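What you see is a predicted model; the values in this text were computed from it and never measured.
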Amino acid sequence: MKKRITAMLLTALMLTGMLAGCGGSSDTPANTDTPANTSTNTGTQQPADASGGEIAKESPMLADMVAAGTLPALADRIPTDADVYVESAYSPQGETPVYGGTMRTPNGGMWYWGPICEEPLFRMLDDGSVEPNVAKGYDLSDDGLVYTIHLREGMKWSDGTPFTAEDCVYYYNYVLVTEVDNATGDVTKSNTTKYYNWYKSEDPADGILKPAQVRYVDDTTFTITLYSPKPTLLQAICIDNKWMFCPKEWYKDIMAVNMDQPHWSGETDLKLIGGEGLTTVTEEQALANAKAKSELYTFEDYTKLADQLGYRYWQYAGRPTLRPWNNTSSLTEQTMVFERNPYYWKVDNEGRQLPYVDKIEIVTMDESLNAQEIMAGNLDFCGFGTENFPTYKAGEATGCYNIKAMVSPNWTSSALQLNQTYRDAQYAELFAEIDFRHALSIAVDRNEMNEILFNGMHMPQQFAAPEGTAEYIPGATTKWIDMDIDEANKLLDGIDLISSDLNADGYRTFVGGANNGKPIVLELETTGDEASAQAVALLAQYYKKIGIQVVESPNTDNNMRNEKYYAGDVAMASYEGGTGVFNVMLRPDYLAANRNNNCWLGKYGMEHKDNITPEPGTPMAELVDATIGLVKAATMDELQAAGDKILQLHADNTWIIGFLDNSDNFYAVNNRIHNWRDGFVMCDELRFLGYGKPYTWFIQD
């Protein structure tokens, strides 16, 4: 209750100074009465609207550039009429969108602002299906082995160079997959640091999972050939390799390649695999060439270069993209600016080139200031958690913004993960004890946690699919959620690895082994924010009652934290603020052994170079087998069986301990932002805010 009162007092103080009126960005929407270029081939001819005025076909800032001769006409910048992407602009009030203005949002990190502008080859929909996006469409052979991908004729990168199928096959064959062990099908080196098994299919000739073969057909066509059918290949591309392309001409001298060696695929016709015109580039040369392009591309080693420019490219100005807005600033600047792409390839149903908004500014600021900045009109949208809901709800009285709620597929808003392969063998053995996990779960007062952390807006729930979803298992959500300190202590008393008695500090100790007499300490990795700190403090309080010590290991750098998870044995345990699964058959990240950025899994993750094979017959061995089943599945029935097995194993073993359910994703959105759809599903698989199609938002005061 104290936290809630504090939040309300803070709101009152902010409202006192802001109810007099909202501020706002100094950038205002362009006046739709601005005279447009009237040349018939510019694409800026404006048909009369209902009031007799004219509707611009492109942003006035671009029309001015066309008129000045510094930019080609619109018709020469976008795909042919038959291939241009037509987006029906969402406008619930029947408004006519206007061009111009700048949207401002706080810097939530690259995985926040990156998806806002993202344009994948295919886009995942909330029902698990896919739709063409960068791609125009596809055909599938009768045997299910060959996908023929069709691209849009006349499409261009943001620097005006043509986008072709060669950019797709080069990316796959020389950037994503650079070396393969032909005896095992394992990718032994990748310029993008991560390679996902979901591109592999089983070769019936030898039973080995092998990467797909990607081949150039013509400038608007390429093929993806599998060894056995993979019914969710396009979903895999949406999720794990959503870009599936890069500007070859821009990359060819900054991606290391040895053209004197045979290609990993065995293909000798370089045109087919995107290798035509490539020359050998060493890692040292790649580093020098990248730096010559821009001082922004100065990296200490090639691994860093490949990770940053080959994978996380959207952080860097100058790299051509297909996105609606491109970064024009340095990562070190307090305000990052993203400006409209003159060659963006989508139009609305009136033929008006998207996006409507000229710029997006990503502002680095103390998160505690978000509320007062959105109330003052200095931010246009920002997300917030249920712990801050009273503050933002009261702030709606300023008249500056409204709260929008999006749907989350997360299973829990807070969870505890124990590394099952932690480097200290005694801890790993303890974490594998189901009674230990059971005791940790029932020692927590979920109702109190809910009140203190989330203003009572959640419900106690174990880590499991909520009722009403296709993956719901009866009883899984309520398993071990009732607090019972006596029972928790009894469970721990029955574990031979640890003492029943407490030491002078009130903690249980190890019995025997290298840690004999040492207290049981859970070191929890966290995101380092205030919410995590409060949650860990509560867990420390609860677990002290059962003789378990808890300490926080905060790390605000998401990449550094994940590196500890990738190592498999570095992170002991973690507190996660939100965990869940969109669809276990499509992306079982928190559930299966296919990804190594889950603390609970440790080195059982199959992607670890030093992967540990679990003991046969154990639940973990069954989980690994079920994960392999997902990878090898050639039919929907096989996928369903593997997915169901994974779900049941988690329900039975509770490797991830959940505390509370998850509610909606909340955003405060300035009233001048139009076309923001309420209630869309927001998650990683659908690319967060990107699923709300920000390129259709417009500004009107």
Handout entry: Sole residue of F338, W111, W325 in ring-ring contact (aromatic ring centres under 6.0 Å, His included) with W314
Key =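 It is W111; the other options fail the test.
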Handout entry: Side chains of S532 and D529, donor plus acceptor under 3.5 Å
Key =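 The answer is yes; a qualifying pair exists.
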Practice task
Please check if any side-chain donor atom of T321 sits under 3.5 Å from a side-chain acceptor atom of Y313, or the reverse.
Solution key: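 There is no such pair (donor and acceptor under 3.5 Å, judged by atom type) between the side chains of T321 and Y313.
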Problem - S499/D501 under side-chain hydrogen bond (donor to acceptor under 3.5 Å, both in side chains): CA gap, chis, key distance, verdict - result: CA-CA 5 Å; S499 67; D501 298 326; over 6 Å; no
Practice task
Over all heavy atoms of both residues, which pair between P588 and L630 is shortest? Give the atoms and the distance, please.
Solution key: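 The answer is CG-CD1, 3.7 Å.
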Handout entry: Closest non-hydrogen atom pair between Y667 and F384, with its separation
Key =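 Scanning both residues completely, I find the closest heavy atoms to be C-CE2, 3.8 Å.
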Please determine whether a side-chain nitrogen of the Lys or Arg among [X] and [Y] lies less than 4.0 Å from a carboxylate oxygen of the Asp or Glu.
| X | Y | result |
| --- | --- | --- |
| R104 | E361 | yes |
| R508 | D493 | yes |
| E118 | K242 | no |
| R587 | D684 | yes |

Practice task
Give every residue pair that meets the ring pair (Phe, Tyr, Trp, His ring centres under 6.0 Å) criterion with at least one member in residues 484-525, sequence neighbours excluded.
Solution key: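 Checked against ring pair (Phe, Tyr, Trp, His ring centres under 6.0 Å) - neighbours excluded - the pairs reaching residues 484-525 are Y427-F510.
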Practice task
Sort out for me which residue in N515, T509, L430 forms a side chain to side chain contact (heavy atoms under 4.5 Å, CB included) with I520.
Solution key: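 Going through N515, T509, L430 one by one, the side chain to side chain contact (heavy atoms under 4.5 Å, CB included) with I520 is satisfied by L430 alone.
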Problem - Test of ring centre spacing under 6.0 Å for W411 and H650 - result: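 No, the ring of W411 stays outside the 6.0 Å limit from the ring of H650, centre to centre.
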Problem - CE (M110) with more than 12 external heavy atoms under 6.0 Å - result: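 Yes, enclosed.
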